[in-house]
Structure formats: C-alpha cells, structure tokens
Amino acid sequence: MIENKRISILGATGSIGTQTIDVLQDAGAQAVALTTNRNVRLLEQQARALQPKLAVASDEAAAKALKTALADTDIRVESGTEGLLHAASLPEADMVVTAVVGMAGLLPTLAAIEAGHDIALANKETLVCAGGLVMQAAARKGVKILPVDSEHSAIFQCIQAAQGNRLHKIILTASGGPFFGKTQGELAGVTPAQALRHPNWSMGAKISVDSATMMNKGLELIEAMWLYDLPPEQIEVVVHRESIVHSLIEFADGAVLAQLGMPDMRLPIQYALTYPARLSCKTPRLDLAQVGNLSFYPPDGQAFPALRLARQAAGRKGGAGAVLNGANEAAVALFLEGEIGFLDIPRLVEQALDDIPDQAQPTLDDVLALDRAARQAVLRAKKL
Ligand code: NAD
Ligand code: MG
C-alpha cells in the first residue's frame with residue numbers, strides 16, 4: 001500500500017523530484033527525507049508541505065540558509081555528501097527515489113542498498129558508471145531496483161507478461177531530440193538554448209543536452225544492459241518521434257510487446273512506487289485516433305555518434321562506462337557554459353575512451369578514479 005510507504009527523495013527539487021512529490025501527495029505517501037544541491041527556496045516549501053524528518057542541501061552555504069529557513073520547524077537539516085548519504089540510508093525509509101543528476105548519485109544509491117531500501121532509480125548515470133557493483137550489491141541485500149526511466153519502466157511493465165521466458169531482444173525508443181533530421185554540418189553551430197528545447201519532455205539541463213546528442217539513449221542502453229542482464233547486441237534503438245511507444249521487448253518466437261502512453265513521467269514514477277499494484281494516475285490518457293500516426297526511423301549514426309560510443313563502452317563492460325559517463329558529464333557542463341561546441345561533446349568523449357586504459361572488473365575506488373581521469377582528460381583535450 002503506497003499510503004503506508006515512507007519515501008526518501010534524493011534530488012527532490014529537480015524535474016523527477018518535483019514530479020515524484022506530485023505523485024506522492026496524490027497517493028498520500030509520506031516523505032521522510034528530501035534533498036537538493038542548492039535550491040533552498042523550493043526545498044523549504046517542499047519540507048513545510050511534507051514534513052520530512054530530514055532535509056539536506058549538498059552545498060554548504062545552501063544548507064546554512066536552509067537551516068535558518070526551517071529554524072521554526074522540527075525538521076533536521078544536514079549538508080554535504082554526509083547529509084545525502086544519511087538521507088539515502090535513513091532507517092525510517094521503505095524506499096529511496098534516486099533523482100539526483102549524474103555520478104553524484106552513485107554513493108547514495110549504494111548507501112541506500114546497504115541500508116536494505118528498495119530503489120526507484122531515475123539516476124541512470126549510477127548504472128552506467130558502476131552497474132556491476134550496484135546490481136551485485138542489490139542482489140546480495142535482496143533489494144529491488146525499480147526503473148523510473150520511461151523506457152526501462154516500459155520494458156519492466158512488458159516483462160510482467162514474460163512468465164519467466166527469456167527476452168530475445170529489447171527495443172529502446174528514442175525521440176530523436178530537438179535536432180532530429182539535422183546533418184553534422186548543421187549541428188556544428190547549435191547553442192545550449194536550442195539543445196535545451198526538447199520537443200516532448202521537460203527535463204533537467206543535463207539530460208536535455210544528452211537527449212540532443214543522443215548520448216541519453218547510449219546511457220539508457222547501458223542502463224538496460226545491467227537492469228535486464230542482456231548483452232548490448234540484443235538491445236536495439238529505434239527513433240520514434242511521438243514518444244508514445246515507450247519501449248518494446250521481443251521473445252524467441254518473434255512476438256513483440258510494447259507499453260504505450262502519453263509522454264508524462266508521473267506514470268513510470270508512480271509504477272516504481274506502487275509496484276506491483278496500479279493506481280489511478282493524473283497522466284493524460286492516450287487517444288490513439290487523436291495521435292494519428294506513430295513513426296519510426298533508424299538512428300543517424302553519422303550526425304549522432306554518441307550512441308556508437310556508448311555501444312562501444314557497453315561492449316567493454318568493465319570500467320569503460322565510468323569513462324564514458326565522466327567524460328560526457330564534463331563535456332556537457334562545458335557546452336552549457338558556452339566553452340565548447342555541440343560536436344565537441346562526442347569528440348571529447350571518444351578521446352577519453354581512447355586514452356584511458358580499460359579495467360575489467362573495477363572496484364568502487366577504480367570507478368571513482370576512472371571518473372576523475374575522464375573529467376581531467378576532457379579538460380586537457382579542450383585546451384588543445
Ligand atoms: P534536474 O537537474 O532537474 O534535478 C537534479 C536534482 O539533483 C536537483 O534536485 C538538484 O538539486 C540535485 N543535484 C544536482 N547536482 C547534485 C549534486 N552534485 N549533489 C547532490 N544533488 C544534486 O534533473 P532531472 O531531469 O530531474 O534528472 C534527474 C535524474 O533522472 C538524471 O539522472 C536523469 O538522467 C534521470 N531522468 C530524468 C528524466 C526526466 O524526465 N527529467 C527522465 C528519465 C531519467
Ligand atoms: Mg528515458
């Protein structure tokens with residue numbers, strides 16, 4: 001019963017975090033911890049509305065301001081990585097929603113697993129960097145990793161009909177992002193503002209740029225590989241402009257199942273929180289006659305090389321995911337600051353993958369070191 005669930009939301013002030021709160025308030029579930037990087041004003045409002053035990057701002061100055069803002073309440077305020085880890089492992093929580101962006105989600109996800117909490121996983125970068133470590137830890141602790149990402153939720157929903165049959169193939173759908181149909185030449189001069197204008201979804205800045213480069217689909221390929229234990233060769237990507245078919249699975253006999261719905265993250269968020277139950281959801285209902293056409297295209301590997309790079313990293317399994325992700329995070333940040341061009345993002349990621357030696361079975365320390373090395377490689381290469 002979701003009404004009895006106590007939920008800790010890491011990254012409560014972001015796109016997924018705020019939609020999680022929307023779902024939670026509708027369902028009457030309880031938030032026991034809320035975290036932000038530095039959005040004090042919103043976290044204060046959320047904390048006053050939801051009365052969690054713990055509110056965290058990772059940024060030290062923001063945490064000070066949050067402490068002052070919540071001084072008249074009983075809510076405990078903490079800061080930094082320690083605060084985030086505390087929110088992840090709070091004994092009162094039944095479930096942790098990982099909605100922080102980037103590699104910053106890795107340690108808290110591991111802490112939540114160690115504390116025995118089921119995870120509603122939005123933070124795909126965690127699996128890209130350290131999928132092996134995370135899935136092993138979850139298996140050891142008997143913890144469920146429930147996908148929030150719409151494609152992975154779609155696959156998870158389809159798998160409910162598999163009755164133990166193995167998947168022959170996963171087909172991930174990709175919207176194609178704001179630059180679908182553009183050539184490499186046309187992409188050279190695109191600006192951050194253009195890259196942030198996604199046609200179907202309203203999301204945080206980093207994932208919006210990832211959608212524009214199609215690195216998001218590359219990260220999702222690696223996410224699917226770990227979640228569903230399939231080699232990258234059995235994970236296909238198809239561009240589907242309308243974002244109505246959220247992804248598909250194929251069985252040995254060629255039968256294909258899909259999950260369809262309007263593009264709205266509240267449904268996959270809610271399913272992760274209520275699984276296996278289904279409740280009414282505010283998401284607008286699908287009207288196929290109104291949608292009219294569903295279109296599908298092969299991805300353009302020429303204009304969007306990021307997918308190929310991710311496939312290459314996925315094939316190496318090991319530490320290449322951490323390199324791909326770290327380099328991509330660093331390059332996207334530089335692009336958003338106006339320091340590099342759009343096409344420099346995959347170029348710098350490729351260079352990092354070429355330069356940093358592979359590691360077969362990386363430990364957590366190895367993953368952290370590979371992430372640092374990848375970020376440094378991008379900063380060095382940018383200057384050339
Ligand atoms: P966002 O930028 O809107 O929000 C990120 C949240 O994390 C904010 O609360 C922010 O304060 C916090 N945060 C940022 N950096 C942090 C740090 N270094 N330490 C601690 N907290 C930090 O991002 P989003 O769009 O909500 O995406 C969150 C995650 O969910 C990403 O991994 C993204 O890939 C994934 N995801 C998002 C969507 C979507 O529709 N937005 C869909 C699928 C998956
Ligand atoms: Mg997705």
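Both ligands and their constituent atoms are indexed starting at 1 by order of listing. All values below were derived from every heavy atom in this structure, side-chain atoms included, with hydrogens, water molecules and symmetry-related copies excluded.
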Is there side-chain contact between [X] and [Y], with at least one heavy-atom pair below 4.5 Å?
X: Ser58; Y: Thr35; value: no
X: His198; Y: Ile207; value: no
X: Gln259; Y: Ile155; value: no
X: Gln270; Y: Asp26; value: no

Six-ring centre of Tyr297, Arg241 cation under 6.0 angstrom, axis tolerance 45°: no
[atom]: which of [options] has the nearest heavy atom?
atom: atom 5 (C) of ligand 1; options: Gly11, Ala99, Gly83; result: Ala99
atom: atom 31 (C) of ligand 1; options: Val100, Asn200, Ile207; result: Val100
atom: atom 38 (C) of ligand 1; options: Ile16, Leu84, Thr98, Leu10; result: Ile16

Considering the heavy atoms of [X], write down every atom of ligand 1 situated less than 4.0 Å from one of them.
X: Thr36; answer: 11 (O)
X: Ala104; answer: 17 (C), 18 (N), 19 (N)
X: Asn123; answer: 32 (O)
X: Gly14; answer: 1 (P), 3 (O), 4 (O), 8 (C), 9 (O), 26 (O)

Which is it for [X] and ligand 1 at heavy atoms under 4.0 Å: side chain, backbone, both or neither?
X: Met203; value: both
X: Glu125; value: side chain
X: Ala122; value: both

Exercise: do Asp371 and Asn325 side chains pair donor with acceptor under 3.5 Å: no
Pair Asn200, Ser243: side-chain N/O donor-acceptor within cut-off below 3.5 Å: yes
Protein contact to [atom] [nearest heavy atom, distance to 0.1 Å]:
atom: atom 2 (O) of ligand 1; answer: Gly204 CA, 3.8 Å
atom: atom 14 (C) of ligand 1; answer: Val101 CG1, 3.6 Å
atom: atom 43 (C) of ligand 1; answer: Asp149 OD1, 3.0 Å
atom: atom 34 (O) of ligand 1; answer: Lys124 CE, 3.2 Å
atom: atom 20 (C) of ligand 1; answer: Ser58 OG, 3.2 Å
atom: atom 42 (C) of ligand 1; answer: Met265 CE, 3.7 Å

Can you give me the closest heavy-atom contact between Leu10 and Ala87, atom names plus distance? CD2-CB, 3.8 Å
Over all atoms of both residues, closest heavy-atom pair of Val349 and Met215: CG1-CE, 4.0 Å
Passing candidate, side-chain contact (heavy atoms from CB on, under 4.5 Å) with Leu50, options Ile7, Ile9, Ile21: Ile21
Looking at CG of Leu84 and CD of Glu78, how far apart are the two atoms once the value is rounded to the nearest 0.5 Å? 10.5 Å
Nearest-0.5 Å distance that lies between atom OG1 in Thr283 and atom CE in Met262: 10.0 Å
If we only count N/O pairs under 3.5 Å, is [X] in contact with ligand 1?
X: Asn37; value: yes
X: Thr13; value: yes
X: Ser15; value: yes
X: Ala205; value: no

[X], N/O/S atom nearest the Mg ion (ligand 2):
X: Glu220; value: OE2
X: Asp149; value: OD1
X: Glu151; value: OE1

Asp72 vs Arg48, side chain to side chain contact (heavy atoms under 4.5 Å, CB included): CA-CA, chis, key distance, verdict: CA-CA 10 Å; Asp72 62 321; Arg48 287 190 184 278; 2.9 Å; yes
After noting the C-alpha distance and the side-chain angles of Lys182 and Asp300, does the key distance pass the salt bridge (Lys or Arg N to Asp or Glu O under 4.0 Å) rule? CA-CA 9 Å; Lys182 285 204 189 302; Asp300 176 354; over 6 Å; no
Would Asn39 count as a contact of ligand 1 if the rule is a heavy atom under 4.0 Å away? no
